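This report refers to the structure that appears directly beneath it.
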Protein chains: 2
Amino acid sequence: MISESKKKKISESTIRRLSLYYRVLSILEKENYETVSSKELAKREKLTPAQVRKDLSFFGSFGTRGLGYPVSELKKQIAEILGLNRGWNVALIGVGNIGSALVGYKEFQRQGFNIKLIFDNDQRKIGSNHKGIIVSDIRNLESDLKENNIQIVVVAVPATVAQYIVDDVVKAGIKGILNFASVNLKVPDDVFLRNENMSMELEYLSFALSNLKDVKGES
Amino acid sequence: MISESKKKKISESTIRRLSLYYRVLSILEKENYETVSSKELAKREKLTPAQVRKDLSFFGSFGTRGLGYPVSELKKQIAEILGLNRGWNVALIGVGNIGSALVGYKEFQRQGFNIKLIFDNDQRKIGSNHKGIIVSDIRNLESDLKENNIQIVVVAVPATVAQYIVDDVVKAGIKGILNFASVNLKVPDDVFLRNENMSMELEYLSFALSNLKDVKGES
DNA sequence: AACCGCATGTGAATCTATTCACAAATGCTA
DNA sequence: TAGCATTTGTGAATAGATTCACATGCGGTT
(Lines give C-alpha, C1' and ligand atoms only; values in the text may rest on other atoms or scores of the structure.)
Protein backbone atom coordinates (compact mmCIF):
# COMPACT_ATOMS: atom_id res chain seq x y z
CA MET A 1 0.00 0.00 0.00
CA ILE A 2 2.87 2.35 0.78
CA SER A 3 4.58 2.70 -2.59
CA GLU A 4 2.20 3.06 -5.48
CA SER A 5 4.42 2.27 -8.46
CA LYS A 6 6.08 -0.95 -7.36
CA LYS A 7 7.16 -2.33 -10.69
CA LYS A 8 10.14 -4.14 -9.23
CA LYS A 9 9.42 -7.83 -9.12
CA ILE A 10 10.18 -9.57 -5.89
CA SER A 11 12.01 -12.85 -6.13
CA GLU A 12 10.59 -16.06 -4.80
CA SER A 13 13.56 -16.47 -2.47
CA THR A 14 12.90 -13.12 -0.91
CA ILE A 15 9.32 -14.05 -0.15
CA ARG A 16 10.34 -17.35 1.33
CA ARG A 17 12.81 -15.56 3.54
CA LEU A 18 10.11 -13.14 4.65
CA SER A 19 8.33 -16.20 6.05
CA LEU A 20 11.46 -16.99 8.01
CA TYR A 21 11.82 -13.45 9.32
CA TYR A 22 8.21 -13.52 10.37
CA ARG A 23 8.77 -16.68 12.31
CA VAL A 24 11.84 -15.32 14.08
CA LEU A 25 10.12 -12.05 14.87
CA SER A 26 7.26 -13.95 16.50
CA ILE A 27 9.77 -15.64 18.74
CA LEU A 28 11.67 -12.43 19.49
CA GLU A 29 8.38 -10.78 20.36
CA LYS A 30 7.65 -13.50 22.88
CA GLU A 31 11.16 -13.09 24.27
CA ASN A 32 10.35 -9.41 24.78
CA TYR A 33 12.91 -8.00 22.43
CA GLU A 34 12.18 -4.38 21.57
CA THR A 35 14.50 -4.18 18.60
CA VAL A 36 16.62 -6.54 16.56
CA SER A 37 19.55 -5.95 14.22
CA SER A 38 19.90 -7.44 10.78
CA LYS A 39 22.88 -9.27 12.23
CA GLU A 40 20.85 -11.03 14.90
CA LEU A 41 17.99 -11.72 12.52
CA ALA A 42 20.44 -13.23 10.07
CA LYS A 43 22.10 -15.39 12.67
CA ARG A 44 18.80 -16.89 13.73
CA GLU A 45 18.02 -18.14 10.24
CA LYS A 46 21.57 -18.74 9.05
CA LEU A 47 21.58 -15.94 6.51
CA THR A 48 23.75 -12.86 6.07
CA PRO A 49 22.91 -9.43 7.51
CA ALA A 50 23.18 -7.89 4.05
CA GLN A 51 20.62 -10.34 2.77
CA VAL A 52 18.19 -9.42 5.49
CA ARG A 53 18.57 -5.72 4.87
CA LYS A 54 18.28 -6.11 1.12
CA ASP A 55 15.16 -8.23 1.39
CA LEU A 56 13.44 -5.75 3.66
CA SER A 57 14.55 -2.79 1.57
CA PHE A 58 12.41 -4.02 -1.30
CA PHE A 59 9.34 -3.15 0.73
CA GLY A 60 10.38 -0.03 2.59
CA SER A 61 12.77 1.10 5.27
CA PHE A 62 11.63 -0.26 8.55
CA GLY A 63 14.76 0.11 10.65
CA THR A 64 16.52 2.84 12.58
CA ARG A 65 20.22 3.39 11.92
CA GLY A 66 22.29 2.59 14.92
CA LEU A 67 19.45 0.69 16.56
CA GLY A 68 17.99 -1.99 14.32
CA TYR A 69 14.41 -2.95 13.58
CA PRO A 70 11.48 -2.60 15.99
CA VAL A 71 10.39 -6.19 16.52
CA SER A 72 6.62 -5.87 16.84
CA GLU A 73 6.34 -3.22 14.21
CA LEU A 74 8.41 -5.15 11.68
CA LYS A 75 6.43 -8.29 12.38
CA LYS A 76 3.25 -6.37 11.67
CA GLN A 77 4.71 -4.99 8.45
CA ILE A 78 5.76 -8.40 7.19
CA ALA A 79 2.35 -9.81 8.04
CA GLU A 80 0.91 -7.02 5.96
CA ILE A 81 3.25 -7.73 3.05
CA LEU A 82 2.55 -11.45 3.12
CA GLY A 83 -1.16 -10.86 3.57
CA LEU A 84 -1.26 -12.87 6.76
CA ASN A 85 -3.46 -10.70 8.90
CA ARG A 86 -6.44 -10.59 6.64
CA GLY A 87 -7.38 -14.22 7.25
CA TRP A 88 -7.91 -16.73 4.44
CA ASN A 89 -10.73 -19.16 3.85
CA VAL A 90 -9.21 -22.50 2.95
CA ALA A 91 -10.74 -25.72 1.70
CA LEU A 92 -9.02 -29.06 1.94
CA ILE A 93 -9.66 -31.80 -0.59
CA GLY A 94 -8.85 -35.37 0.37
CA VAL A 95 -8.99 -36.79 3.87
CA GLY A 96 -6.34 -39.46 3.56
CA ASN A 97 -3.08 -39.67 5.42
CA ILE A 98 -1.90 -36.20 4.68
CA GLY A 99 -5.25 -34.51 4.54
CA SER A 100 -6.11 -35.60 8.07
CA ALA A 101 -2.77 -34.36 9.32
CA LEU A 102 -3.34 -30.96 7.78
CA VAL A 103 -6.75 -30.54 9.41
CA GLY A 104 -5.09 -30.73 12.80
CA TYR A 105 -2.00 -28.73 11.87
CA LYS A 106 -2.02 -25.81 14.30
CA GLU A 107 0.53 -23.77 12.42
CA PHE A 108 -2.00 -23.02 9.67
CA GLN A 109 -4.60 -21.40 11.90
CA ARG A 110 -1.90 -19.46 13.67
CA GLN A 111 -0.98 -17.79 10.39
CA GLY A 112 -4.52 -16.96 9.47
CA PHE A 113 -5.30 -19.92 7.24
CA ASN A 114 -8.68 -21.20 8.34
CA ILE A 115 -9.84 -24.51 7.00
CA LYS A 116 -13.54 -23.99 6.40
CA LEU A 117 -14.43 -26.98 4.23
CA ILE A 118 -13.19 -30.52 3.77
CA PHE A 119 -14.03 -32.70 0.79
CA ASP A 120 -13.71 -36.36 -0.04
CA ASN A 121 -15.26 -38.78 -2.48
CA ASP A 122 -15.42 -41.71 -0.08
CA GLN A 123 -18.98 -42.28 1.13
CA ARG A 124 -17.66 -43.60 4.43
CA LYS A 125 -15.88 -40.35 5.12
CA ILE A 126 -18.51 -37.94 3.87
CA GLY A 127 -20.54 -36.62 6.78
CA SER A 128 -17.94 -37.57 9.35
CA ASN A 129 -16.49 -34.99 11.67
CA HIS A 130 -12.85 -33.91 11.54
CA LYS A 131 -11.88 -31.43 14.25
CA GLY A 132 -15.29 -29.89 14.10
CA ILE A 133 -15.66 -29.84 10.35
CA ILE A 134 -18.08 -32.11 8.50
CA VAL A 135 -16.61 -33.76 5.43
CA SER A 136 -18.50 -32.68 2.30
CA ASP A 137 -19.17 -34.62 -0.86
CA ILE A 138 -16.68 -33.79 -3.59
CA ARG A 139 -19.60 -33.69 -6.00
CA ASN A 140 -20.66 -30.38 -4.49
CA LEU A 141 -17.17 -28.94 -4.83
CA GLU A 142 -17.82 -26.09 -7.19
CA SER A 143 -20.94 -24.73 -5.53
CA ASP A 144 -19.60 -25.20 -2.00
CA LEU A 145 -16.38 -23.38 -2.79
CA LYS A 146 -18.28 -20.45 -4.20
CA GLU A 147 -20.91 -20.29 -1.48
CA ASN A 148 -18.34 -20.32 1.28
CA ASN A 149 -16.11 -17.73 -0.30
CA ILE A 150 -13.09 -20.00 -0.33
CA GLN A 151 -9.88 -18.37 -1.55
CA ILE A 152 -7.29 -21.09 -1.23
CA VAL A 153 -7.61 -24.82 -1.86
CA VAL A 154 -5.26 -27.48 -0.53
CA VAL A 155 -5.17 -30.62 -2.65
CA ALA A 156 -4.27 -33.83 -0.83
CA VAL A 157 -5.64 -36.50 -3.14
CA PRO A 158 -3.92 -39.34 -4.99
CA ALA A 159 -1.74 -38.20 -7.89
CA THR A 160 -3.90 -40.07 -10.37
CA VAL A 161 -6.95 -37.89 -9.80
CA ALA A 162 -5.30 -34.62 -8.81
CA GLN A 163 -5.56 -33.03 -12.25
CA TYR A 164 -9.30 -33.67 -12.51
CA ILE A 165 -9.86 -32.21 -9.07
CA VAL A 166 -7.77 -29.17 -9.84
CA ASP A 167 -9.65 -28.58 -13.07
CA ASP A 168 -12.85 -28.33 -11.05
CA VAL A 169 -11.19 -26.13 -8.46
CA VAL A 170 -10.10 -23.75 -11.20
CA LYS A 171 -13.61 -23.78 -12.66
CA ALA A 172 -14.89 -22.62 -9.29
CA GLY A 173 -12.76 -19.52 -9.69
CA ILE A 174 -10.10 -20.34 -7.09
CA LYS A 175 -6.81 -18.51 -7.71
CA GLY A 176 -4.57 -20.12 -5.08
CA ILE A 177 -3.82 -23.84 -4.88
CA LEU A 178 -1.44 -25.76 -2.67
CA ASN A 179 -0.79 -29.22 -4.08
CA PHE A 180 0.50 -32.18 -2.07
CA ALA A 181 0.06 -34.73 -4.83
CA SER A 182 3.27 -35.84 -6.49
CA VAL A 183 2.40 -34.70 -9.96
CA ASN A 184 2.86 -31.59 -12.06
CA LEU A 185 -0.54 -29.97 -12.40
CA LYS A 186 -1.64 -27.70 -15.21
CA VAL A 187 -3.48 -24.54 -14.31
CA PRO A 188 -4.19 -21.30 -16.18
CA ASP A 189 -1.71 -18.45 -15.92
CA ASP A 190 -3.82 -16.46 -13.52
CA VAL A 191 -3.95 -19.25 -10.93
CA PHE A 192 -1.15 -19.55 -8.39
CA LEU A 193 -0.09 -23.11 -7.84
CA ARG A 194 2.47 -24.19 -5.25
CA ASN A 195 3.68 -27.71 -4.78
CA GLU A 196 4.62 -29.38 -1.55
CA ASN A 197 6.75 -32.31 -2.55
CA MET A 198 7.71 -34.15 0.59
CA SER A 199 9.82 -36.77 -1.15
CA MET A 200 11.98 -34.12 -2.70
CA GLU A 201 13.75 -33.14 0.49
CA LEU A 202 14.36 -36.77 1.37
CA GLU A 203 15.81 -37.28 -2.06
CA TYR A 204 18.07 -34.33 -1.52
CA LEU A 205 19.29 -35.93 1.69
CA SER A 206 19.80 -39.16 -0.17
CA PHE A 207 21.92 -37.36 -2.72
CA ALA A 208 23.91 -35.51 -0.09
CA LEU A 209 24.64 -38.64 1.89
CA SER A 210 25.62 -40.51 -1.26
CA ASN A 211 27.97 -37.78 -2.42
CA LEU A 212 29.40 -36.43 0.80
CA LYS A 213 32.29 -34.82 -1.04
CA ASP A 214 30.76 -32.22 -3.27
CA VAL A 215 27.80 -31.04 -1.24
CA LYS A 216 27.39 -28.35 1.35
CA GLY A 217 24.21 -29.40 3.14
CA GLU A 218 21.47 -27.34 4.78
CA SER A 219 18.20 -26.26 3.27
CA MET B 1 31.40 -43.35 -9.48
CA ILE B 2 31.99 -42.65 -13.15
CA SER B 3 34.13 -39.52 -12.99
CA GLU B 4 36.72 -39.60 -10.26
CA SER B 5 37.66 -35.94 -9.94
CA LYS B 6 34.24 -34.31 -9.73
CA LYS B 7 35.22 -31.02 -8.17
CA LYS B 8 32.30 -29.17 -9.76
CA LYS B 9 29.70 -28.46 -7.15
CA ILE B 10 26.16 -29.23 -8.10
CA SER B 11 23.56 -26.62 -7.23
CA GLU B 12 20.63 -27.36 -5.00
CA SER B 13 18.22 -26.42 -7.78
CA THR B 14 19.76 -28.99 -10.07
CA ILE B 15 19.28 -31.72 -7.50
CA ARG B 16 15.70 -30.73 -6.90
CA ARG B 17 15.07 -30.87 -10.61
CA LEU B 18 16.62 -34.32 -10.81
CA SER B 19 13.83 -35.39 -8.48
CA LEU B 20 11.35 -34.02 -10.95
CA TYR B 21 12.99 -35.74 -13.90
CA TYR B 22 12.96 -38.98 -11.98
CA ARG B 23 9.27 -38.63 -11.36
CA VAL B 24 8.50 -37.92 -15.01
CA LEU B 25 10.69 -40.77 -16.20
CA SER B 26 8.80 -43.16 -13.95
CA ILE B 27 5.60 -42.08 -15.62
CA LEU B 28 7.08 -42.25 -19.12
CA GLU B 29 8.35 -45.74 -18.36
CA LYS B 30 4.85 -46.82 -17.40
CA GLU B 31 3.55 -45.25 -20.61
CA ASN B 32 6.06 -47.41 -22.50
CA TYR B 33 8.12 -44.62 -23.93
CA GLU B 34 11.47 -45.87 -25.22
CA THR B 35 13.13 -42.48 -25.47
CA VAL B 36 12.33 -38.92 -24.51
CA SER B 37 13.72 -35.60 -25.71
CA SER B 38 14.84 -32.79 -23.45
CA LYS B 39 11.98 -30.85 -24.99
CA GLU B 40 9.34 -33.33 -23.86
CA LEU B 41 10.95 -33.75 -20.47
CA ALA B 42 11.01 -29.99 -20.05
CA LYS B 43 7.40 -29.60 -21.06
CA ARG B 44 6.24 -32.11 -18.49
CA GLU B 45 7.77 -30.19 -15.63
CA LYS B 46 7.42 -26.69 -17.06
CA LEU B 47 11.13 -26.11 -17.52
CA THR B 48 13.25 -25.32 -20.58
CA PRO B 49 14.96 -27.96 -22.74
CA ALA B 50 18.31 -26.23 -22.21
CA GLN B 51 17.87 -26.50 -18.49
CA VAL B 52 17.22 -30.21 -18.69
CA ARG B 53 20.25 -30.83 -20.86
CA LYS B 54 22.49 -28.68 -18.72
CA ASP B 55 21.36 -30.39 -15.52
CA LEU B 56 22.02 -33.83 -16.93
CA SER B 57 25.32 -32.80 -18.43
CA PHE B 58 26.75 -32.23 -14.96
CA PHE B 59 26.63 -35.96 -14.43
CA GLY B 60 27.49 -37.37 -17.80
CA SER B 61 26.07 -37.62 -21.28
CA PHE B 62 23.14 -39.94 -21.26
CA GLY B 63 21.42 -39.05 -24.49
CA THR B 64 21.78 -39.82 -28.15
CA ARG B 65 21.90 -36.92 -30.59
CA GLY B 66 18.94 -36.89 -32.86
CA LEU B 67 17.04 -39.31 -30.64
CA GLY B 68 16.83 -38.14 -27.08
CA TYR B 69 17.34 -39.98 -23.81
CA PRO B 70 16.56 -43.67 -23.21
CA VAL B 71 13.81 -43.55 -20.61
CA SER B 72 14.56 -46.59 -18.47
CA GLU B 73 18.30 -46.13 -18.64
CA LEU B 74 18.15 -42.46 -17.69
CA LYS B 75 15.79 -43.25 -14.84
CA LYS B 76 18.27 -45.79 -13.57
CA GLN B 77 21.12 -43.30 -13.86
CA ILE B 78 19.26 -40.62 -11.93
CA ALA B 79 18.33 -43.12 -9.26
CA GLU B 80 22.02 -43.89 -9.00
CA ILE B 81 22.96 -40.21 -8.77
CA LEU B 82 20.34 -39.50 -6.14
CA GLY B 83 21.20 -42.66 -4.26
CA LEU B 84 17.65 -43.94 -4.49
CA ASN B 85 18.24 -47.57 -5.31
CA ARG B 86 20.40 -48.43 -2.37
CA GLY B 87 17.54 -48.19 0.13
CA TRP B 88 17.67 -46.07 3.27
CA ASN B 89 16.85 -46.94 6.83
CA VAL B 90 14.74 -44.16 8.24
CA ALA B 91 13.51 -43.43 11.75
CA LEU B 92 10.57 -41.18 12.50
CA ILE B 93 10.38 -39.21 15.71
CA GLY B 94 7.00 -37.97 16.86
CA VAL B 95 3.68 -39.67 16.19
CA GLY B 96 1.43 -36.65 16.18
CA ASN B 97 -0.59 -35.31 13.30
CA ILE B 98 2.19 -35.19 10.82
CA GLY B 99 4.17 -38.13 12.08
CA SER B 100 1.23 -40.48 11.65
CA ALA B 101 0.65 -39.22 8.15
CA LEU B 102 4.24 -39.87 7.22
CA VAL B 103 4.15 -43.47 8.43
CA GLY B 104 1.47 -44.21 5.89
CA TYR B 105 2.93 -42.10 3.10
CA LYS B 106 3.43 -44.55 0.25
CA GLU B 107 5.66 -42.27 -1.76
CA PHE B 108 8.51 -42.75 0.71
CA GLN B 109 8.74 -46.52 0.43
CA ARG B 110 8.45 -46.25 -3.33
CA GLN B 111 11.63 -44.21 -3.41
CA GLY B 112 13.55 -46.51 -1.15
CA PHE B 113 13.02 -44.75 2.16
CA ASN B 114 12.01 -47.43 4.63
CA ILE B 115 10.71 -46.34 7.99
CA LYS B 116 12.21 -48.85 10.37
CA LEU B 117 11.65 -47.19 13.74
CA ILE B 118 9.13 -44.80 15.25
CA PHE B 119 9.67 -42.90 18.49
CA ASP B 120 7.49 -40.93 20.84
CA ASN B 121 7.64 -39.78 24.43
CA ASP B 122 3.96 -40.33 25.17
CA GLN B 123 3.46 -43.45 27.29
CA ARG B 124 0.07 -44.00 25.69
CA LYS B 125 1.64 -44.20 22.26
CA ILE B 126 4.73 -46.20 23.13
CA GLY B 127 4.18 -49.87 22.31
CA SER B 128 1.27 -49.17 20.00
CA ASN B 129 1.34 -50.38 16.43
CA HIS B 130 1.49 -48.03 13.45
CA LYS B 131 1.32 -49.77 10.09
CA GLY B 132 3.20 -52.70 11.49
CA ILE B 133 5.80 -50.74 13.43
CA ILE B 134 5.81 -50.64 17.22
CA VAL B 135 6.37 -47.17 18.66
CA SER B 136 9.57 -47.05 20.71
CA ASP B 137 10.37 -45.01 23.77
CA ILE B 138 12.29 -41.85 22.91
CA ARG B 139 14.53 -42.58 25.89
CA ASN B 140 16.14 -45.39 23.91
CA LEU B 141 16.72 -43.15 20.92
CA GLU B 142 20.49 -43.19 20.73
CA SER B 143 20.99 -46.91 21.19
CA ASP B 144 18.06 -47.87 18.97
CA LEU B 145 19.26 -45.68 16.14
CA LYS B 146 22.70 -47.23 16.29
CA GLU B 147 21.55 -50.82 16.65
CA ASN B 148 19.21 -50.55 13.70
CA ASN B 149 21.70 -48.89 11.43
CA ILE B 150 19.46 -45.91 10.82
CA GLN B 151 20.81 -43.40 8.29
CA ILE B 152 18.12 -40.75 8.07
CA VAL B 153 15.88 -39.35 10.80
CA VAL B 154 12.61 -37.52 10.23
CA VAL B 155 11.72 -35.11 13.02
CA ALA B 156 8.00 -34.44 13.49
CA VAL B 157 7.86 -33.17 17.05
CA PRO B 158 6.65 -29.83 18.49
CA ALA B 159 8.96 -26.91 17.70
CA THR B 160 9.67 -26.38 21.37
CA VAL B 161 11.48 -29.68 21.82
CA ALA B 162 12.89 -30.18 18.34
CA GLN B 163 16.36 -28.86 19.15
CA TYR B 164 16.79 -31.23 22.11
CA ILE B 165 15.69 -34.18 20.02
CA VAL B 166 18.01 -33.23 17.20
CA ASP B 167 20.93 -32.88 19.57
CA ASP B 168 20.41 -36.50 20.58
CA VAL B 169 19.99 -37.59 17.00
CA VAL B 170 23.31 -35.98 16.13
CA LYS B 171 24.93 -37.65 19.12
CA ALA B 172 23.81 -40.97 17.72
CA GLY B 173 25.91 -40.25 14.65
CA ILE B 174 23.07 -39.58 12.19
CA LYS B 175 24.16 -37.45 9.23
CA GLY B 176 20.84 -36.81 7.50
CA ILE B 177 17.84 -35.13 9.12
CA LEU B 178 14.52 -34.05 7.69
CA ASN B 179 12.81 -31.56 9.96
CA PHE B 180 9.08 -30.80 9.95
CA ALA B 181 9.13 -28.61 13.05
CA SER B 182 8.77 -24.91 12.35
CA VAL B 183 12.07 -23.86 13.86
CA ASN B 184 15.63 -23.36 12.67
CA LEU B 185 17.69 -26.17 14.11
CA LYS B 186 21.40 -26.07 14.77
CA VAL B 187 23.47 -29.03 13.68
CA PRO B 188 27.20 -29.54 13.09
CA ASP B 189 28.62 -28.87 9.63
CA ASP B 190 28.89 -32.51 8.73
CA VAL B 191 25.19 -33.19 9.28
CA PHE B 192 22.76 -32.56 6.44
CA LEU B 193 19.59 -30.89 7.61
CA ARG B 194 16.62 -30.20 5.38
CA ASN B 195 13.50 -28.40 6.45
CA GLU B 196 9.97 -29.07 5.33
CA ASN B 197 8.09 -25.93 6.15
CA MET B 198 4.49 -26.46 5.17
CA SER B 199 3.32 -22.99 6.13
CA MET B 200 5.84 -21.41 3.85
CA GLU B 201 4.11 -22.36 0.64
CA LEU B 202 0.77 -21.21 1.97
CA GLU B 203 2.37 -17.93 2.91
CA TYR B 204 3.72 -17.62 -0.58
CA LEU B 205 0.20 -18.10 -1.91
CA SER B 206 -1.03 -15.51 0.53
CA PHE B 207 1.56 -13.05 -0.75
CA ALA B 208 0.79 -13.82 -4.37
CA LEU B 209 -2.94 -13.39 -3.92
CA SER B 210 -2.42 -10.16 -2.00
CA ASN B 211 -0.12 -8.69 -4.63
CA LEU B 212 -1.53 -10.04 -7.85
CA LYS B 213 0.29 -7.40 -9.88
CA ASP B 214 3.97 -8.10 -9.38
CA VAL B 215 4.05 -11.86 -9.08
CA LYS B 216 4.40 -14.62 -11.61
CA GLY B 217 3.06 -17.62 -9.71
CA GLU B 218 4.01 -21.30 -9.90
CA SER B 219 6.37 -23.15 -7.64
C1' DA C 1 25.85 20.83 21.21
C1' DA C 2 29.41 18.27 19.44
C1' DC C 3 31.11 13.70 19.26
C1' DC C 4 31.14 8.68 19.03
C1' DG C 5 29.61 4.18 18.07
C1' DC C 6 26.54 1.55 15.74
C1' DA C 7 23.54 -0.33 12.21
C1' DT C 8 20.68 0.82 8.29
C1' DG C 9 19.90 1.35 3.28
C1' DT C 10 21.74 0.95 -1.20
C1' DG C 11 24.54 1.42 -5.46
C1' DA C 12 28.35 -1.29 -7.29
C1' DA C 13 30.85 -5.54 -7.62
C1' DT C 14 30.76 -10.26 -7.58
C1' DC C 15 29.11 -14.61 -7.89
C1' DT C 16 25.67 -18.07 -9.54
C1' DA C 17 22.17 -19.83 -12.48
C1' DT C 18 19.77 -19.85 -16.73
C1' DT C 19 19.37 -19.38 -21.50
C1' DC C 20 21.28 -19.01 -26.10
C1' DA C 21 23.09 -20.76 -30.13
C1' DC C 22 25.56 -23.83 -32.72
C1' DA C 23 28.88 -27.59 -33.87
C1' DA C 24 28.73 -32.48 -33.53
C1' DA C 25 26.60 -36.80 -33.78
C1' DT C 26 22.92 -40.07 -34.63
C1' DG C 27 19.03 -42.60 -37.09
C1' DC C 28 16.47 -42.99 -40.99
C1' DT C 29 15.48 -43.10 -45.86
C1' DA C 30 16.31 -43.72 -50.50
C1' DT D 1 26.57 -44.21 -48.73
C1' DA D 2 24.97 -39.63 -49.04
C1' DG D 3 21.75 -36.45 -47.40
C1' DC D 4 18.26 -34.88 -44.20
C1' DA D 5 15.94 -34.07 -40.01
C1' DT D 6 16.72 -34.28 -35.29
C1' DT D 7 18.42 -33.45 -30.82
C1' DT D 8 22.32 -33.61 -27.80
C1' DG D 9 26.17 -31.38 -25.23
C1' DT D 10 28.42 -27.24 -24.14
C1' DG D 11 31.09 -22.85 -24.30
C1' DA D 12 29.56 -18.06 -24.35
C1' DA D 13 26.20 -14.60 -23.27
C1' DT D 14 22.70 -13.05 -20.38
C1' DA D 15 20.02 -12.55 -16.48
C1' DG D 16 19.46 -12.76 -11.70
C1' DA D 17 20.71 -13.08 -6.83
C1' DT D 18 23.95 -12.26 -3.19
C1' DT D 19 27.49 -9.86 -1.02
C1' DC D 20 30.43 -5.86 -0.41
C1' DA D 21 31.44 -1.55 1.29
C1' DC D 22 30.42 2.80 2.66
C1' DA D 23 27.89 7.14 3.12
C1' DT D 24 24.09 8.33 5.95
C1' DG D 25 21.65 9.06 10.05
C1' DC D 26 20.15 7.96 14.76
C1' DG D 27 20.72 7.57 19.89
C1' DG D 28 23.32 8.12 23.71
C1' DT D 29 27.01 10.46 26.40
C1' DT D 30 29.79 13.95 28.14
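Remember, predicted model here, so these are calculated numbers, not experimental data. No hydrogens, no waters, no symmetry mates; every other heavy atom, side chains included, goes into these values. By convention in this document, chain letters (A, B, ...) are assigned in the order of the sequence lines, proteins followed by strands, and residues within each chain are numbered from 1.
Toward the 5' end of DNA chain D, the nearer of the two residues A:Arg17 and B:Lys39, judged by each one's closest nucleotide, is B:Lys39. Checking A:Ser13 against A:Arg53, the closest nucleotide of DNA chain D that is more toward the 5' end is the one next to A:Ser13.
Base contact: A:Lys54 has a heavy atom under 4.0 Å from a base atom. No engagement by A:Thr14 is indicated, since no non-hydrogen atom pair under 4.0 Å with the nucleic acid exists.
Salt bridge annotation for B:Lys146-B:Glu142: present, with a cationic side-chain nitrogen under 4.0 angstrom from a carboxylate oxygen. A salt bridge links B:Glu12 with B:Arg194: the distance from a Lys NZ or Arg NE/NH1/NH2 to an Asp or Glu carboxylate oxygen falls below 4.0 Å.
Distance B:Lys9 NZ to C:dC15 P: 11 Å, rounded to the nearest Å. As a whole-Å value, the separation of A:Leu18 CG from D:dA17 P is 14 Å. Rounded to a whole Å, the CZ atom of A:Phe58 is 15 Å from the C1' atom of C:dT8. If you take CZ of B:Phe62 and C1' of C:dT26, they are 18 Å apart, rounded to a whole angstrom. Atom pair B:Tyr69:OH and C:dG27:C1' shows a separation of 17 Å (rounding to whole Å applied). Here the C1' atom of nucleotide D:dT8 and the CG atom of B:Asp55 are 14 Å apart, to the nearest Å. When the P atom of D:dT7 is taken as reference, atom CG of B:Leu56 falls 16 Å away, rounded to whole Å. For B:Glu12 and D:dA17, the CD to P distance is 15 Å, given to the nearest whole Å.
Distances shorter than 4.0 Å separate some side-chain N or O of B:Gln51 from OP1 or OP2 on C:dT19. The phosphate of C:dT16 (OP1 or OP2) has no side-chain N or O of B:Ser11 nearer than 4.0 angstrom. Of the side-chain N and O atoms in B:Ser61, none sit less than 4.0 angstrom from OP1 or OP2 of D:dT8. Residue B:Ser37 has no polar side-chain atom (N or O) positioned under 4.0 Å from OP1 or OP2 of D:dT7. Phosphate contact (OP1/OP2 of D:dT19, side-chain N/O of A:Thr48, threshold under 4.0 Å): present.
At least one cation-pi condition fails for B:Arg17 and B:Phe58: the charged atom is not both under 6.0 angstrom from the six-membered ring centre and inside a 45 degree cone around its axis.
A:Trp88 and A:Gln151 make their closest contact through CA-OE1, 3.5 Å (heavy atoms, listed as atom of the first residue, atom of the second, distance). Looking at every heavy atom in both residues, B:Ala181 comes nearest to B:Val157 through CB-O, 3.5 Å.
Between A:Phe207 and B:Arg16 the shortest side-chain heavy-atom distance does not fall below 4.5 Å. The side-chain heavy atoms of A:Leu41 and A:Leu47, taken from C-beta on, include no pair separated by under 4.5 Å.
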Practice item. Would you please test A:Val153 and A:Val166 for side-chain contact (heavy atoms from CB on, under 4.5 Å) and show each step? Key: CA-CA 9 Å; A:Val153 167; A:Val166 164; over 6 Å; no

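Within residues 24-31 of chain A, no residue approaches DNA chain D, by heavy-atom distance under 4.0 Å.
Remark: the B:Arg65 side chain and the C:dT26 base include no donor-acceptor N/O pair separated by less than 3.5 Å.
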